[in-house]
Visitor: 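Just dropping this structure here.
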Amino acid sequence: MSVDALPVGLGIGWRSEISGIISQLPGLAFCEVIAESIGDHAPERLTGLGVPVVTHGIALSLGGVEPVESHRIAHLERVASLLGSPVVSEHIAFVRADGIEAGHLIPMPRTREAVTVLTRNIARTQDGLHVPLAVENIAALFDWPEDELTESEFLTEIVERTGVSLVLDIANVYANARNRRRDPWTELARLPLERIAYCHIAGGTARDGVYHDSHTAPVPEDVLALLEAFTSAGYRAPIMLERDGHYPPEVELLDELDTFADSAGLERITPNRLLGPRM
């Protein structure tokens, strides 16, 4: 069961580099925009899409020991109001400590103390937003030695204590399972899937035996297979593709979206390419 903030269908992460292609997607169900990329005015190509737009934060640092900064919450709220977002999302991670910016999403230690910290920061953020908050599981290249909970136990406790929804990143589940030599479907099935707001999927690359969730490559077959297992198990949710660099030619991106839609059991969102070449 999904949280009813977005229509069930195929979406994409809005990026200025591919905004022209996105504007040609007649079946697009929704999109997501990085909150920190939006200033005083939203791009016309984004507001003109006519679909729900999720405000997605990357700098709030929900997992930081320090309380989340009020001006960052205010920015999320302002962007959400500007775009009419039905939901705001952020990551279960921290990006700064003691005033030092990491520049990356750093995994939290899965301890009960960390759950308390995260619960407090989520509540503070929820109080500053007029729409629901959803939190995303991240890809982590390491686990903390003091972990007390599994990832599924950690996420379940968070959603139960805060009422927050989950941005299920299927590619991140795959990355974590592969790098720890675990079965991806087993890991995915343990998560609080009844609290899904929407899903992410993205491509990555393997280097020296380690899989990196880079968002700069096509979605690999194994990740598509995990997506198929998810939908075959009866889960229907809004699902979106993320791409954050090495953008392919238009025809390749459209082909990837078609493959993605077929794997997810959703309607294709691309134009009918039998009508002739694109401009």
Side-chain angles (χ1 to χ4, degrees), residues 1-3 56-58 60-65 89-95 97 102 104-123 125 133-204 206 209-215 219-220 222-231 233 235 237 239-240 242:
M1 180 179 65
S2 63
V3 178
H56 187 58
I58 60 174
L60 194 57
S61 200
L62 282 173
V65 175
S89 57
E90 246 290 358
H91 300 84
I92 301 173
F94 66 96
V95 300
H104 298 281
L105 297 170
I106 302 175
M108 299 178 64
R110 294 191 300 269
T111 62
R112 300 199 178 280
E113 182 179 10
V115 170
T116 299
V117 168
L118 189 56
T119 298
R120 181 179 65 235
N121 279 334
I122 286 175
T125 303
L133 175 68
V135 294
E136 179 183 350
N137 58 300
I138 71 166
L141 293 177
F142 67 91
D143 295 312
W144 294 92
E146 59 264 39
D147 283 353
E148 300 171 342
L149 304 168
T150 65
E151 184 170 22
S152 61
E153 290 169 340
F154 189 65
L155 292 176
T156 298
E157 187 150 352
I158 290 164
V159 300
E160 287 181 350
R161 288 180 59 171
T162 66
V164 76
S165 301
L166 178 66
V167 180
L168 173 63
D169 193 309
I170 294 173
N172 287 349
V173 173
Y174 169 80
N176 291 341
R178 171 171 169 167
N179 290 335
R180 290 157 181 79
R181 295 178 174 82
R182 298 172 183 166
D183 177 64
W185 172 246
T186 299
E187 296 301 302
L188 178 59
R190 289 171 174 161
L191 301 180
L193 302 181
E194 72 283 356
R195 291 296 304 166
I196 295 173
Y198 64 104
C199 300
H200 279 177
I201 194 167
V210 177
Y211 184 82
H212 298 266
D213 177 56
S214 65
H215 297 190
V219 179
D222 286 348
V223 176
L224 290 174
L226 183 58
L227 173 61
E228 289 179 6
F230 173 75
T231 55
Y235 294 102
I239 304 176
M240 57 157 277
E242 292 182 288

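Every value quoted in this text rests on a predicted model; they were computed, and no experiment measured them. All values below were derived from every heavy atom in this structure, side-chain atoms included, with hydrogens, water molecules and symmetry-related copies excluded.
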Visitor: With sequence neighbours excluded, tell me which residues meet ring pair (Phe, Tyr, Trp, His ring centres under 6.0 Å) with Trp144.
Guide: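 Here the qualifying residues are Phe142.
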Visitor: Among all residues two or more places apart in sequence or in another chain, which pass the ring pair (Phe, Tyr, Trp, His ring centres under 6.0 Å) test with Tyr211?
Guide: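 For Tyr211 the ring pair (Phe, Tyr, Trp, His ring centres under 6.0 Å) partners, ignoring immediate neighbours, are Tyr174.
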Visitor: Under a 4.5 Å cut-off applied to non-hydrogen side-chain atoms, are Val135 and Leu118 in contact?
Guide: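 Result no, sub-4.5 Å side-chain heavy-atom pair not found.
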Visitor: Between His200 and His56, how do the two ring planes meet: parallel, tilted or perpendicular, split at 30° and 60°?
Guide: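 His200 vs His56 ring planes: perpendicular.
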Visitor: Any idea which heavy atoms bring Val117 and Gly63 closest together, and the distance?
Guide: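 So the minimum-distance heavy-atom pair works out to CG1-O, 4.2 Å.
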Visitor: Measure the shortest side-chain to side-chain distance between Phe230 and Cys199 over non-hydrogen atoms and say whether it is less than 4.5 angstrom.
Guide: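 Counting from C-beta outward, Phe230 and Cys199 do come under 4.5 Å.
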Visitor: What is the distance from atom CE of Met108 to atom OG of Ser61, rounded to the nearest 0.5 Å?
Guide: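 It comes to 9.0 Å.
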Visitor: Hey, what do you get for CD1 (Ile138) to CG (Leu105), rounding to the nearest 0.5 Å?
Guide: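 Reported to 0.5 Å precision, the distance equals 5.5 Å.
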Visitor: Which pair of non-hydrogen atoms, one from Asn176 and one from Glu151, has the smallest distance, and what is that distance?
Guide: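 Scanning both residues, the minimum pair turns out to be ND2-OE1, 3.8 Å.
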Visitor: How long is the straight-line distance from OG1 of Thr116 back to CD1 of Ile158, given to the nearest 0.5 Å?
Guide: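 Rounded to the nearest 0.5 Å, the CD1-OG1 separation comes out at 10.5 Å.
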Visitor: State, to 0.1 Å, how close Arg110 and Asp143 come at their nearest heavy-atom pair, and which atoms those are.
Guide: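 For Arg110 versus Asp143, the nearest heavy atoms are NH1-OD1, 3.5 Å.
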Visitor: Do the non-hydrogen side-chain atoms of Leu168 and Leu188 ever get within less than 4.5 Å of each other?
Guide: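 In short, these two side chains touch, coming nearer than 4.5 Å.
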Visitor: List the atom of Ala139, the atom of Asp213, and the distance in Å for their closest heavy-atom pair.
Guide: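 The answer is CB-CB, 3.9 Å.
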Visitor: I need the minimum non-hydrogen distance between Leu62 and Thr125, along with the two atoms involved.
Guide: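 So the two residues come closest at CD2-OG1, 3.6 Å.
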Visitor: Just wondering, do His91 and Val167 contact through their side chains at under 4.5 Å, heavy atoms?
Guide: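 When only atoms from C-beta onward are counted, His91 and Val167 do not touch, as no gap falls below 4.5 Å.
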Visitor: Working to the nearest 0.5 angstrom, can you tell me the gap between Asn172 CG and Glu242 CD?
Guide: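 Atom-to-atom, Asn172:CG and Glu242:CD are 7.5 Å apart.
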Visitor: Could you tell me whether the side chain of Thr162 and the main chain of Thr119 form a donor-acceptor pair under 3.5 Å?
Guide: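 Checked: no pair found.
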Visitor: Identify the two heavy atoms, one from Thr156 and one from Pro192, that lie closest to each other, and give their separation to 0.1 Å.
Guide: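 Minimum heavy-atom separation between Thr156 and Pro192: OG1-CD, 3.7 Å.
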Visitor: Assess whether atom CD of Glu113 is packed by more than 12 heavy atoms of other residues, nucleotides or ligands within 6.0 Å.
Guide: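 It does not: Glu113 CD has 12 such atoms or fewer within range.
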Visitor: Is the closest side-chain heavy-atom distance between Arg190 and Thr150 below 4.5 Å?
Guide: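 No. Closest side-chain heavy atoms not under 4.5 Å.
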Visitor: List in chain and number order the residues that pass side-chain hydrogen bond (donor to acceptor under 3.5 Å, both in side chains) with Arg112, two or more places apart in sequence or in another chain; answer none if no residue qualifies.
Guide: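 Checked Arg112 against side-chain hydrogen bond (donor to acceptor under 3.5 Å, both in side chains); matches are Glu157.
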Visitor: Say you draw a straight line from CG of Asn179 to NE2 of His212; how long is it, rounded to the nearest 0.5 Å?
Guide: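 Reported value, rounded in 0.5 Å steps: 7.5 Å.
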Visitor: Between Arg120 and Val65 (side chain of the first, backbone of the second, donor and acceptor by atom type, cut-off under 3.5 Å), is there such a pair?
Guide: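 Yes; judged by distance alone, with no hydrogens or angles, the pair exists.
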Visitor: Under 3.5 Å, side chain of Asp169 to main-chain N/O of Glu136, donor-acceptor pair present?
Guide: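 Answer holds: no.
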Visitor: Atom CZ in Phe154, atom CG in Asp147: separation rounded to 0.5 Å?
Guide: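 Rounded to the nearest 0.5 Å, the CZ-CG separation comes out at 8.5 Å.
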